[in-house]
Visitor: 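Got a structure for you, questions after.
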Amino acid sequence: MANRSKKYKNKKLKILSLIVIIILIVISYVVSSRNKKIDLESISNFDVEEPSQHIRGNINSDIKLVEYSDFQCPACVSWEVNVNDLINKYGNKFQLEYRHFPLRNIHPNAQIGAEAAEAAGMQGKFWEMHDILFQRQKEWSESGNPKRYLKEYAKIIGINVDRFMFD
């Protein structure tokens with residue numbers, strides 16, 4: 001009889017523990033999904049461009065170079081010199097389209113670099129952020145906190161930093 005009572009208590013304890021865990025999960029979901037207050041004043045006075053393709057050169061050209069690149073990739077920085085040479089030499093005879101290809105498994109800051117370029121692009125400064133990310137790759141890409149560098153770059157290229165950090 002005592003053995004049966006012990007099994008009953010253990011079963012009851014397991015069920016109670018399960019209920020407590022479910023309640024904690026629900027509470028953590030509710031707390032984490034609350035809307036955070038945003039300072040609308042700091043992000044309201046600016047122009048926003050819709051996300052679009054990132055193209056340099058002659059958009060009507062029949063010659064199109066599509067570049068898949070990773071802002072943290074050293075080989076991509078090396079290739080960028082060649083791309084700039086092509087733009088300087090043949091600028092209006094072709095179009096260059098940039099597409100993100102962050103290699104997250106080997107470049108842990110590549111995704112945040114791509115996101116920074118897109119956030120700058122929302123304010124019409126994609127190419128400016130693109131250029132500074134490649135020019136200063138060693139600085140931000142090896143950092144444990146690349147956001148502080150990206151915020152500095154946003155100031156340098158002249159965009160609304162509060163909006164940039166929000167995007």
Side-chain angles (χ1 to χ4, degrees), residues 28-167:
S28 68
Y29 174 77
V30 169
V31 169
S32 67
S33 66
R34 284 185 184 164
N35 289 335
K36 295 179 176 83
K37 301 260 181 181
I38 298 171
D39 180 14
L40 295 177
E41 189 71 32
S42 68
I43 61 173
S44 62
N45 297 324
F46 61 90
D47 294 329
V48 175
E49 293 187 10
E50 290 298 317
S52 63
Q53 295 175 327
H54 305 296
I55 296 175
R56 277 185 175 167
N58 183 355
I59 60 171
N60 297 317
S61 176
D62 292 332
I63 302 168
K64 181 177 184 177
L65 173 63
V66 179
E67 175 186 15
Y68 288 85
S69 188
D70 173 342
F71 288 116
Q72 193 178 359
C73 172
C76 296
V77 169
S78 299
W79 173 248
E80 203 57 31
V81 173
N82 297 326
V83 172
N84 287 332
D85 288 346
L86 285 172
I87 291 170
N88 291 335
K89 189 171 184 179
Y90 301 107
N92 252 355
K93 296 182 181 177
F94 78 102
Q95 64 173 294
L96 166 69
E97 181 178 342
Y98 183 92
R99 295 188 184 172
H100 299 287
F101 194 69
L103 302 171
R104 294 177 200 99
N105 57 337
I106 59 174
H107 300 135
N109 291 340
Q111 181 66 37
I112 197 164
E115 291 170 6
E118 288 300 315
M122 293 294 290
Q123 296 184 48
K125 299 277 188 158
F126 172 83
W127 289 106
E128 291 83 347
M129 184 60 78
H130 165 279
D131 293 345
I132 201 166
L133 286 172
F134 276 135
Q135 291 163 3
R136 298 186 178 192
Q137 184 191 70
K138 284 193 181 285
E139 184 178 67
W140 68 270
S141 72
E142 296 173 2
S143 172
N145 181 16
K147 284 186 178 183
R148 71 182 178 117
Y149 292 104
L150 301 175
K151 188 175 181 179
E152 177 187 328
Y153 303 158
K155 288 177 189 174
I156 291 170
I157 65 173
I159 60 177
N160 181 311
V161 176
D162 291 333
R163 177 62 190 191
F164 171 78
M165 296 308 287
F166 174 72
D167 285 335

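A quick note: this is a predicted structure, and the numbers were derived from the prediction, not measured.
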Visitor: Tell me whether Lys93 at atom NZ has more than 12 heavy atoms from other residues, nucleotides or ligands lying less than 6.0 Å away.
Guide: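 Not buried by this count: 12 neighbours or fewer within 6.0 Å.
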
Visitor: Are Leu96 and Leu86 close enough that some pair of their side-chain heavy atoms sits under 4.5 Å apart?
Guide: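 When only atoms from C-beta onward are counted, Leu86 and Leu96 do not touch, as no gap falls below 4.5 Å.
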
Visitor: Going through the distances and angles, do Phe101 and Cys76 end up as a side chain to side chain contact (heavy atoms under 4.5 Å, CB included)?
Guide: CA-CA 10 Å; Phe101 194 69; Cys76 296; over 6 Å; no

Visitor: Between Trp140 and Gln72, is a side chain to side chain contact (heavy atoms under 4.5 Å, CB included) present by the stated rule, with each step listed?
Guide: CA-CA 9 Å; Trp140 68 270; Gln72 193 178 359; 4.2 Å; yes

Visitor: Roughly how far apart are His54 NE2 and His130 NE2, rounded to 0.5 Å?
Guide: 10.0 Å

Visitor: Please work out whether the ring planes of Tyr149 and Tyr153 are parallel, tilted or perpendicular, with thresholds of 30° and 60°.
Guide: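 Taking Tyr153 first and then Tyr149, their aromatic rings sit tilted (interplane angle of 30° to 60°).
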
Visitor: Take Leu150 and Leu133 through the test side chain to side chain contact (heavy atoms under 4.5 Å, CB included) and record every step on the way to the result.
Guide: CA-CA 8 Å; Leu150 301 175; Leu133 286 172; 3.4 Å; yes

Visitor: What distance do Ser78 atom OG and Phe134 atom CZ have between them, rounded to the nearest 0.5 Å?
Guide: 10.0 Å

Visitor: Taking the side chain from Gln95 and the backbone from Asn60, do they hold a donor-acceptor pair closer than 3.5 Å?
Guide: no

Visitor: Any side-chain heavy-atom pair from Arg136 and Ile156 closer than 4.5 angstrom?
Guide: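 SC-SC contact between Arg136 and Ile156 confirmed.
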
Visitor: Is the CG atom of Asn82 crowded by more than 12 outside heavy atoms at less than 6.0 Å?
Guide: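 Yes.
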
Visitor: Pick out which of Arg56, Glu80, Glu97 makes a side chain to side chain contact (heavy atoms under 4.5 Å, CB included) with Glu67.
Guide: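 Result for side chain to side chain contact (heavy atoms under 4.5 Å, CB included) with Glu67: Glu80.
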
Visitor: Step through the shown structure and confirm whether more than 12 heavy atoms of other residues, nucleotides or ligands are within 6.0 Å of CD1 on Ile106.
Guide: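 Yes, CD1 of Ile106 has more than 12 neighbouring heavy atoms, counting only those of other groups under 6.0 Å.
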
Visitor: If every non-hydrogen atom of Phe164 is compared with every non-hydrogen atom of Ala116, which pair is closest and at what distance?
Guide: CE1-O, 3.3 Å

Visitor: To the nearest 0.5 Å, tell me how far Tyr90 OH sits from Asp85 CG.
Guide: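 The CG atom of Asp85 is 10.5 Å from OH of Tyr90, to the nearest 0.5 Å.
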
Visitor: Please report the closest heavy-atom contact between Gln123 and Asn160, naming both atoms and the distance.
Guide: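 Closest approach of Gln123 to Asn160: OE1-N, 2.8 Å.
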
Visitor: For the atom pair NZ (Lys151) and NZ (Lys155), what is the distance rounded to the nearest 0.5 Å?
Guide: 5.5 Å

Visitor: Could you walk me through whether His107 and Ser141 pass the side chain to side chain contact (heavy atoms under 4.5 Å, CB included) check?
Guide: CA-CA 8 Å; His107 300 135; Ser141 72; over 6 Å; no

Visitor: For a quick test of reading the model, state the closest non-hydrogen atom pair linking Ala120 to Met129 and the distance between them.
Guide: CB-CB, 3.6 Å

Visitor: Restricting to non-hydrogen atoms, name the atom on Asp70 and the atom on Leu103 that form the minimum distance, rounded to 0.1 Å.
Guide: OD2-N, 2.9 Å

Visitor: Can you see which heavy atom on Gln111 is nearest to which on Pro102, and at what distance?
Guide: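 Result for this residue pair: OE1-CG, 3.5 Å.
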
Visitor: Quick one: CH2 on Trp127 to CD1 on Ile132, what's the gap to the nearest 0.5 Å?
Guide: 15.5 Å

Visitor: Which pair of non-hydrogen atoms, one from Asn92 and one from Gly57, has the smallest distance, and what is that distance?
Guide: OD1-C, 4.5 Å

Visitor: Is the His100 ring parallel, tilted or perpendicular to the Phe126 ring (thresholds 30°, 60°)?
Guide: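 Rings of His100 and Phe126: perpendicular, as their planes differ by over 60°.
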
Visitor: Answer yes or no: is there a donor N or O on one side and an acceptor on the other, between the side chain of Lys125 and the main chain of Ile159, under 3.5 Å?
Guide: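 Looks like no, no N/O pair under 3.5 Å.
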
